[in-house]
Amino acid sequence: MNAHLKVQSHHLERGAYLYIRQSSMRQVIDNTESTRRQYALRGRAVALGWRDEQIVVIDNDQGESGASAAWREGFQRLVSDVGMGHAGIVMGLEVSRLARNNADWQRLLEICALADTLILDEDGVYDPASFNDRLLLGLKGTMSEAELHVIKARLRGGILNKARRGEFRCPLPTGLVYDPSGNVMLDPDLQVRETIVHFFETFSRVGSASQTVKVFRKEGLLFPSRLHNSETLFRPLTASTAMRVLNNPRYAGAYTYGRRQFRRTVDGKKILRSRDIDDWLACIPDAHPGYISWEQHQENLKILEANGRGYDLARASIPREGPALLQGRAICGQCGRHFRVRYAARRGRLDAWYICDRAQNDRAEPSCQSIAGPPVDQAVGMLVAEQMTPAAVELVLEVRKEIEARHEEADRLRYRAIERAQTEADLASAVSCSSIPIIASSPIRSKVNGTRSSASWPMPAKSASAPASKINSFSIRLSMSG
């Protein structure tokens with residue numbers, strides 16, 4: 001049917017909506033010819049009988065993907081105006097400009113059919129209420145969605161093929177950088193490297209991410225963090241940062257890709273799901289230098305997993321702070337769970353009690369048992385003393401040496417931080433000094449109560465690097481009125 005025959009007078013009484021979109025900002029900047037072609041559809045509307053002031057241009061979705069309508073405010077406005085009967089015709093260069101999602105496209109067609117709104121593209125004018133036109137528009141929408149799938153599959157296939165060889169460049173965590181040839185190397189900043197090494201050594205010693213954070217806070221150490229502009233800052237270590245570093249296999253020298261999977265919800269938001277290690281798209285151990293070995297990384301993950309099973313029977317538990325000797329170690333002989341430790345201040349001292357009350361807290365059942373701590377600690381202490389041999393004494397001395405080495409390492413990291421701060425301060429001072437203008441002394445004439453008097457402006461000390469001719473070339477004359 002001729003386009004002019006489809007356009008009726010009641011269509012011309014309503015507005016003509018021109019929807020313009022490009023899929024990315026790069027296309028908006030580089031592919032300007034497509035933008036011109038889309039704006040040129042105004043002439044088609046004028047030729048069909050619409051006045052120029054009736055044409056409504058919706059172009060605020062530039063740079064947005066058409067895969068969904070959830071984040072496209074312009075498309076949502078278009079559908080809303082069509083449903084309210086404000087649009088006589090909807091114009092787009094092609095179906096893919098309006099929607100790449102068949103569900104969004106079919107919804108728009110249904111609303112246009114109910115509101116008696118026409119659709120125009122580069123090929124012609126269509127009436128969604130007509131079966132043949134609706135069939136053709138539905139086929140175009142299906143082909144548009146399939147085209148997006150094919151494009152994504154091609155790009156995704158190339159990325160996966162490169163990632164399986166370990167050649168696809170991914171953003172690196174703090175402490176790893178790319179060299180000029182594209183290979184991964186440790187950060188050349190000595191303070192960054194030593195801090196990360198100290199972090200993994202501390203975790204191996206205390207066996208808990210939260211305890212590692214407490215050790216860093218107690219020792220006054222900061223942890224490096226890389227910003228998006230590749231600048232490295234040192235901040236207080238947090239539990240989330242510690243967990244992220246411990247779970248990242250790149251610190252073990254392994255190249256990985258596809259550790260997480262993104263899914264979109266109904267409202268268009270992205271949700272992140274972690275994959276099991278067997279489902280990773282690429283995993284190449286010892287692909288580049290790392291701070292720990294792959295075996296040590298696997299051991300760290302097992303420790304984190306054991307720490308997360310807080311209510312499992314007799315799970316592994318690290319020693320905790322407190323005067324109780326068996327803090328985090330004693331196990332209830334009735335239910336097999338770890339004892340909790342409660343402290344009570346009596347007669348000026350802190351007494352410990354080993355209590356198993358999880359059945360009471362979880363299921364309102366009676367507590368298994370509660371045992372006074374001092375007798376148990378005394379018996380265990382005597383048993384340990386009986387086992388003290390020359391070899392055990394040597395072991396104690398070795399532990400003492402390890403503690404001293406640990407303190408020396410913390411002192412060295414603090415010294416690195418002081419050196420870094422001093423270097424940055426010297427650099428800032430040099431830059432500020434080089435930008436301060438040098439002003440020579442000159443007479444200042446002021447006019448106060450009708451009389452003239454002269455004063456001198458104090459001249460700063462001459463810099464050894466500034467020539468005398470340049471210093472004397474500056475002069476200032478101030479006029480002051482009372």
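Computed from heavy atoms alone, side chains included, the values below leave out hydrogens, waters and symmetry copies.
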| pair R217-L237: side-chain heavy atoms closer than 4.5 Å | no

| said: Measuring from atom CG of D121 to atom CD of E94, what distance do you get when rounded to the nearest 0.5 angstrom? | reply: 8.5 Å

| request: Just jot down the salt bridge (charged side-chain N to carboxylate O under 4.0 Å, His left out) partners of E295, sequence neighbours excluded, or say none. | output: none

| field | Between CG on residue D59 and CD on residue Q38, distance to nearest 0.5 Å | value | 9.5 Å

| Y251 vs Y291 aromatic rings, parallel, tilted or perpendicular, using cut-offs 30° and 60°? | tilted

| With a 4.5 Å limit on heavy-atom distance, are the side chains of V82 and V90 in contact? | yes

| query | Have T35 and T32 got a donor and an acceptor in their side chains that come within less than 3.5 Å? | reply | no

| request: Give a yes or no on whether a salt bridge exists between E122 and R37, defined as a side-chain N under 4.0 angstrom from a carboxylate O. | output: yes

| query | Side chains of L233 and L227: does their closest heavy-atom pair fall under 4.5 Å? | reply | yes

| Is a side-chain N or O of Q54 found less than 3.5 angstrom from the main chain of L12, in a donor-acceptor match? | yes

| note | Nearest heavy-atom approach of A252 to S293 is CB-O, 3.7 Å

| message | If I take atom SG from residue C170 and atom OH from residue Y178, how far apart are they, to the nearest 0.5 angstrom? | response | 6.0 Å

| Pair V213-F216, side-chain contact (heavy atoms from CB on, under 4.5 Å): steps then yes or no | CA-CA 5 Å; V213 174; F216 265 67; 5.8 Å; no

| remark: Distance col, row Q211:CD vs K218:NZ, nearest 0.5 angstrom, shows 10.5 Å

| query | Between K302 and E305, does a salt bridge (charged side-chain N to carboxylate O under 4.0 Å, His left out) hold up when you go through it step by step? | reply | CA-CA 5 Å; K302 292 179 181 179; E305 184 180 2; over 6 Å; no

| query | Could you go step by step and tell me if D61 and I20 meet the side-chain contact (heavy atoms from CB on, under 4.5 Å) rule? | reply | CA-CA 7 Å; D61 285 343; I20 298 173; over 6 Å; no

| Check ion pair E110-R134 (N to O, under 4.0 angstrom) | yes

| field | Stepwise salt bridge (charged side-chain N to carboxylate O under 4.0 Å, His left out) check, D189 with R193 | value | CA-CA 7 Å; D189 192 323; R193 295 201 309 270; over 6 Å; no

| task | Determine yes or no for a side-chain-to-main-chain donor-acceptor pair under 3.5 angstrom, with T142 supplying the side chain and G138 the backbone. | result | yes

| field | OH on Y255 to CZ on R165, rounded to 0.5 Å | value | 9.5 Å

| task | Give the C-alpha distance, both sets of side-chain angles, the deciding distance and a yes or no for side-chain contact (heavy atoms from CB on, under 4.5 Å) between D116 and R14. | result | CA-CA 11 Å; D116 193 15; R14 292 178 281 174; 4.2 Å; yes

| said: I need the single residue from H297, Q298, Q296 that forms a side chain to side chain donor-acceptor pair (under 3.5 Å) with N300. Which is it? | reply: Q296

| Student check: side-chain heavy atoms of P224 and F199 closer than 4.5 Å | no

| message | Can you confirm whether the side chains of Y126 and K140 place a donor and an acceptor under 3.5 Å from each other? | response | yes

| Using a distance-only test with no angle check, is there a side-chain donor-acceptor pair under 3.5 angstrom linking R72 and Y19? | yes

| request: Show your working on side-chain contact (heavy atoms from CB on, under 4.5 Å) between R77 and V56 and close with a plain yes or no. | output: CA-CA 11 Å; R77 175 195 169 191; V56 179; 3.5 Å; yes

| message | Using every non-hydrogen atom in the two residues, find where A209 and M243 come nearest and quote the distance to one decimal. | response | CB-SD, 3.7 Å

| Is the centre of the Y17 ring less than 6.0 Å from the centre of the H86 ring? | no

| S225 backbone acceptor or donor facing R235 side chain under 3.5 Å | no

| said: Using modelled atom types and a 3.5 Å cut-off, is there a donor and acceptor pairing between side-chain atoms of R244 and backbone atoms of N248? | reply: no

| task | Please examine the side chains of L172 and V184, heavy atoms only from C-beta on, and report whether any two atoms are closer than 4.5 Å. | result | yes

| field | Axial cation check for F75 ring with R21, 6.0 Å and 45° limits | value | no

| request: Mind listing the closest non-hydrogen atom pair of D133 and D127 along with its distance? | output: OD2-N, 2.9 Å

| said: Quick one, E147 and V150 - any side-chain contact, counting heavy atoms below 4.5 Å? | reply: no

| Within the distance-only criterion (no hydrogens, no angle test), does the side chain of R259 pair as donor or acceptor with the backbone N or O of S274 below 3.5 angstrom? | no

| field | Nearest atoms (heavy-atom pairs only) where T256 meets P249 | value | CG2-CG, 3.5 Å

| query | Does D187 reach the main-chain N or O of V192 with its side chain, forming a donor-acceptor pair under 3.5 Å? | reply | no

| Taking C-beta and beyond as the side chain, do F200 and T212 meet within less than 4.5 Å on heavy atoms? | no

| Test item: N247 side-chain N/O and A242 main-chain N/O as donor-acceptor pair under 3.5 Å | no

| message | Give me the atom names and distance for the closest heavy-atom approach of R226 to P173. | response | NH1-O, 3.3 Å

| Are F234 and F223 near enough that their ring centres are under 6.0 Å apart? | no

| To the nearest 0.5 Å, how far apart are CD1 in I271 and CD in Q261? | 9.0 Å

| query | Between L48 and H11, is any pair of side-chain heavy atoms under 4.5 Å apart? | reply | no

| Test item: S80 side-chain N/O and Q76 main-chain N/O as donor-acceptor pair under 3.5 Å | no

| said: Donor-acceptor check, side chain of W280 to backbone of R260, threshold 3.5 angstrom: yes or no? | reply: no

| task | Starting from the C-alpha separation in whole Å, work towards a yes-or-no answer on side chain to side chain donor-acceptor pair (under 3.5 Å) for S130 and N132. | result | CA-CA 6 Å; S130 172; N132 290 332; 5.3 Å; no

| field | Test item: T117 side-chain N/O and I89 main-chain N/O as donor-acceptor pair under 3.5 Å | value | no

| field | Which atom of D104 lies closest to which atom of A99, heavy atoms considered | value | CB-CB, 4.2 Å

